[in-house]
Colleague: 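Questions regarding the structure given below will be posed in turn.
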Amino acid sequence: MYDVDLFVIGAGSGGVRAARIAAGHGVKVALAEERFYGGTCVNVGCVPKKLMTYVAGYESSMRDAQGYGWDIGERTLDWTKFITQKNTEIERLNGIYENMLENAGVQLHWGTATIIDPHTVSINGENITAERILIATGGKISVPDIEGAREHGITSDDIFYLEEKPKTLIVAGVGYIGLEFAGIFNQLGTDVHVIYRRDTILNEGFDGDVRTFLHQEMTKKGLHFHPKTNILRVEKTDKGVTVHLDDGKTIKADQVLFATGRTPNTNNLGLENVGVECNKGGAIIVNKDEQTNVPSIYAVGDVTDRVALTPVALAEGHALVDRLYAKSNRHISYENIPSAVFSDPNVSQIGLTEEQAQAQYPDEIDIYKSDFRAMKMILANSEERTLMKLIVHSKTDKVLGLHMVGSDAGEIVQGFAVAIIAGATKADFDRTIGIHPTSAEEFVTMRTKSS
Ligand code: NDP
């Protein structure tokens, strides 16, 4: 009756996973993509960003190594070589994604897909009918309406393709993206100014101690933070940009990066043709089954207003097609989703912040904290410190939240995340023998309540 069983729009994390798994369940799947295989994460997000944290991390390692006796001569970074190598790797991954879809038997369409009725998608002048349509078009960069921002500023879509490493960089925004690039370029020797309208970095989804501690650590590393400050105007100059601030100051820089959030990408989807409902931020509204108000149309990932993280989109897409085509009744849980900010130092967390825990369980919260200089930093002559924090429910002894600021925080918290999801208590942490000497062992050796 229909040309295909499932038509997926968007070859990013959620769309590719859903298409591939659905095809594996034996249904006929088509997928449309207009920009790149792998979506934001592979092309202008997680993957190239992580490669950048590595290139920047070598600089710090070489500096620290000198404290251990290494004689490191002059060190230079061939920026063009790095960007070329990075592009080659991204192209390799694009190919892997495309092959993976083809090998799974997914019918691929290159172009802009528009929904014209609840069971029809139009692409490149062709109408394809589908029993179900899945929208997985992700998010797009949001730049505030500031004079000169769009014309003369750059975004995280551009920063991966800079021809030269900036000597001075202004970063607007102190969320994930802003702090990650601020850390990367600071490590690479760029003079970085961070402009933000709050008085604290990160947002309320992060523990208060984590926010303060990260700010201290990043300040020690030489970043210039400008809290409670707004950009009024960005002006182009011969050498770069001049940014005019609302405190009357101006800062000159080679580039200004707007890391001011992302919005759902519903461009040209034709949602108005079928009456798919969106919230006021433009995100597609879905029920717990990932279904929109039009029963044959589903949506997963950043185009919906849930948790904008790659692994969440993957999990949503996977669970959806398992339910639709493999008799599963599994839904993903939005509780206890671990995440990391690859700032310098890294931040990672799972569960409740102290503020959230206090609000949920007033006067029933115990806090354990460890703030220390990791062993590696001592001979390196580095003042970098690490913070680890546990939030425990005093009535049940359950660990409600686990937070870290420090080297490899994401790697460490990923392991502990399993324990938190399994409902580990503080007593479980206490009876776990530490692996010595590591930083991670601090999580199992905290004995004194800090409040
Ligand atoms: P965030 O929402 O994390 O941060 C946006 C920042 O921009 C905040 O500091 C915000 O300030 C500021 N901002 C927003 N609008 C304005 C404005 N009009 N004027 C001035 N400042 C403004 O967004 P990001 O862009 O950093 O990242 C987008 C999403 O991508 C993240 O939420 C995350 O889900 C995902 N991501 C995840 C990563 C990871 O897992 N490591 C890495 C990168 C992205 P205020 O708080 O005052 O509103």
Side-chain angles (χ1 to χ4, degrees), residues 12-14 39-53 138-150 153-160 170-184 193-206 210-211 214-215 218 225-234 243-246 256-265 281-283 301-316 334 337-350 404-405 408-411 413-414 417:
S13 306
T40 301
C41 177
V42 167
N43 294 276
V44 285
C46 336
V47 173
K49 180 274 308 290
K50 196 73 193 284
L51 295 175
M52 277 187 145
T53 68
K140 57 180 191 240
I141 299 283
S142 160
V143 175
D145 203 8
I146 294 171
E147 189 185 330
R150 288 198 182 87
I154 58 169
T155 69
S156 58
D157 281 354
D158 311 307
I159 201 156
F160 297 112
I170 297 168
V171 175
V174 284
Y176 283 83
I177 297 179
L179 293 178
E180 289 178 344
F181 284 111
I184 287 166
H193 289 264
V194 184
I195 316 290
Y196 54 114
R197 56 191 183 183
R198 295 172 181 263
D199 54 4
T200 325
I201 61 172
L202 293 171
N203 63 29
E204 285 82 16
F206 291 85
V210 164
R211 298 170 76 185
L214 181 67
H215 181 255
M218 291 186 85
F225 284 102
H226 303 261
K228 295 188 179 163
T229 307
N230 288 288
I231 296 179
L232 295 181
R233 184 160 63 90
V234 178
V243 166
H244 297 260
L245 305 175
D246 63 355
V256 52
L257 168 71
F258 282 89
T260 42
R262 297 177 61 85
T263 53
N265 179 16
D302 292 10
V303 77
T304 66
D305 190 12
R306 293 179 289 182
V307 180
L309 296 172
T310 288
V312 175
L314 291 167
E316 287 172 350
Y334 292 90
I337 293 175
S339 73
V341 187
F342 295 97
S343 46
D344 176 34
N346 288 185
V347 170
S348 191
Q349 61 171 9
I350 177 161
M404 175 173 173
V405 185
D408 296 322
E411 304 286 346
V413 171
Q414 180 69 84

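Counting starts at 1 for both ligands and their atoms, in listed order.
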Colleague: Side chain of Asn230, backbone of Asp246: donor and acceptor closer than 3.5 Å?
Modeller: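 It does not hold such a pair.
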Colleague: Just need the protein heavy atom nearest to atom 14 (C) of ligand 1, so name the residue and atom and give the distance.
Modeller: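 So the nearest neighbour among protein heavy atoms is Thr260 O, 3.4 Å.
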Colleague: Strictly distance-based, threshold 3.5 Å: is any side-chain N or O of Asn43 a donor or acceptor partner for the main-chain N or O of Thr40?
Modeller: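 Checked: no pair found.
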Colleague: Check contact between Ala340 and ligand 1, using heavy atoms of the residue and a distance below 4.0 angstrom.
Modeller: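 Yes.
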Colleague: Give a yes/no verdict on whether any heavy atom in Asn203 is under 4.0 Å from an atom of ligand 1.
Modeller: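 No, Asn203 has no heavy atom closer than 4.0 Å to ligand 1.
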Colleague: Considering the heavy atoms of Lys49, write down every atom of ligand 1 situated less than 4.0 Å from one of them.
Modeller: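 In order of number, 41 (N), 42 (C).
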Colleague: Report yes if Val174 has an N/O atom closer than 3.5 Å to an N/O atom of ligand 1; otherwise report no.
Modeller: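 It does: an N or O of Val174 is found under 3.5 Å from an N or O of ligand 1.
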Colleague: Taking 4.0 angstrom as the limit and counting only heavy atoms of Gly173, give me the atoms of ligand 1 inside it, by number and element.
Modeller: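 So the atoms of ligand 1 that pass are 6 (C), 7 (O), 9 (O).
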Colleague: Checking the N or O distance criterion of under 3.5 Å, is ligand 1 in contact with Arg197?
Modeller: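 The answer is yes, given that Arg197 and ligand 1 share an N or O pair closer than 3.5 Å.
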Colleague: Starting from atom 4 (O) of ligand 1, what is the nearest protein heavy atom, named by residue and atom, and what distance separates them?
Modeller: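 Answer for atom 4 (O) of ligand 1: Gly175 CA, 3.3 Å.
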Colleague: At less than 4.0 angstrom from any non-hydrogen atom of Ala259, what atoms of ligand 1 do you find?
Modeller: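 Once the distances to Ala259 are compared, the set is 5 (C), 6 (C), 7 (O), 25 (O).
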Colleague: CG of Leu179 to CZ of Phe342: how many Å apart, nearest 0.5 Å?
Modeller: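 Interatomic distance, Leu179 CG to Phe342 CZ, rounded to 0.5 Å: 13.5 Å.
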Colleague: Does the Glu147 side chain pair with the main chain of Arg233, one donor and one acceptor, at a distance under 3.5 Å?
Modeller: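 No, Glu147 side chain to Arg233 backbone: no donor-acceptor pair under 3.5 Å.
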Colleague: Quick one: does Ala308 get an N or O within less than 3.5 Å of an N or O on ligand 1?
Modeller: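 For ligand 1, there is an N or O atom that lies under 3.5 Å from one belonging to Ala308.
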Colleague: For atom 25 (O) of ligand 1, grab the closest protein heavy atom and report residue, atom and distance to one decimal in Å.
Modeller: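 Going atom by atom, the protein heavy atom closest to atom 25 (O) of ligand 1 ends up being Gly261 N, 3.0 Å.
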Colleague: Right, does atom 10 (C) of ligand 1 have protein non-hydrogen atoms nearer than 4.0 Å?
Modeller: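 Not a single protein heavy atom is under 4.0 Å away.
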Colleague: Is there at least one pair of N or O atoms, one from Ile177 and one from ligand 1, spaced under 3.5 Å apart?
Modeller: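 N/O-N/O distance under 3.5 Å: yes.
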Colleague: Under the 3.5 angstrom rule, does the side chain of Thr229 hit a backbone N or O of Pro227 as a donor-acceptor pair?
Modeller: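 Yes; at least one donor-acceptor contact below 3.5 Å.
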Colleague: Check contact between Ala172 and ligand 1, using heavy atoms of the residue and a distance below 4.0 angstrom.
Modeller: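 False for this residue.
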Colleague: Return yes or no for this condition: an N or O of Arg262 is under 3.5 Å from an N or O of ligand 1.
Modeller: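 Not met; the criterion fails.
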Colleague: Short N/O distance, under 3.5 Å, between Leu309 and ligand 1?
Modeller: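 There is no such contact.
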Colleague: Quick one: nearest non-hydrogen protein atom to atom 37 (C) of ligand 1, plus distance?
Modeller: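 The protein heavy atom lying closest is Tyr176 CD2, 3.5 Å.
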Colleague: Under 3.5 Å, side chain of Ser348 to main-chain N/O of Ser339, donor-acceptor pair present?
Modeller: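 Yes; judged by distance alone, with no hydrogens or angles, the pair exists.
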Colleague: What protein heavy atom sits nearest atom 46 (O) of ligand 1, and how far away is it?
Modeller: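 Of the protein heavy atoms, Arg198 NE, 2.4 Å lies nearest.
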Colleague: Nearest to atom 18 (N) of ligand 1 by heavy atom, Pro144, Gly178, Ser348: which?
Modeller: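 The nearest heavy atom belongs to Pro144.
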Colleague: Distance alone, cut at 3.5 Å: any donor-acceptor contact between the side chains of Thr200 and Arg198?
Modeller: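 No donor-acceptor contact under 3.5 Å links the two side chains.
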Colleague: Test Asp302 against Lys140 for side chain to side chain contact (heavy atoms under 4.5 Å, CB included), laying out the working first.
Modeller: CA-CA 9 Å; Asp302 292 10; Lys140 57 180 191 240; over 6 Å; no
Colleague: Would you give the length of the straight line joining atom CG of Leu202 to atom NE2 of His215, rounded to the nearest 0.5 angstrom?
Modeller: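 Reported value, rounded in 0.5 Å steps: 10.5 Å.
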Colleague: Quick one: CZ on Arg262 to CD1 on Ile177, what's the gap to the nearest 0.5 Å?
Modeller: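 One gets 5.5 Å once the value is rounded to the nearest 0.5 Å.
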Colleague: Looking at CZ of Phe181 and OG1 of Thr155, how far apart are the two atoms once the value is rounded to the nearest 0.5 Å?
Modeller: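 Separation between the atoms: 9.5 Å.
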Colleague: How long is the straight-line distance from CG of Leu51 back to CD1 of Ile184, given to the nearest 0.5 Å?
Modeller: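 It comes to 9.5 Å.
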Colleague: Just need the protein heavy atom nearest to atom 42 (C) of ligand 1, so name the residue and atom and give the distance.
Modeller: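 The protein heavy atom lying closest is Glu180 OE1, 3.3 Å.
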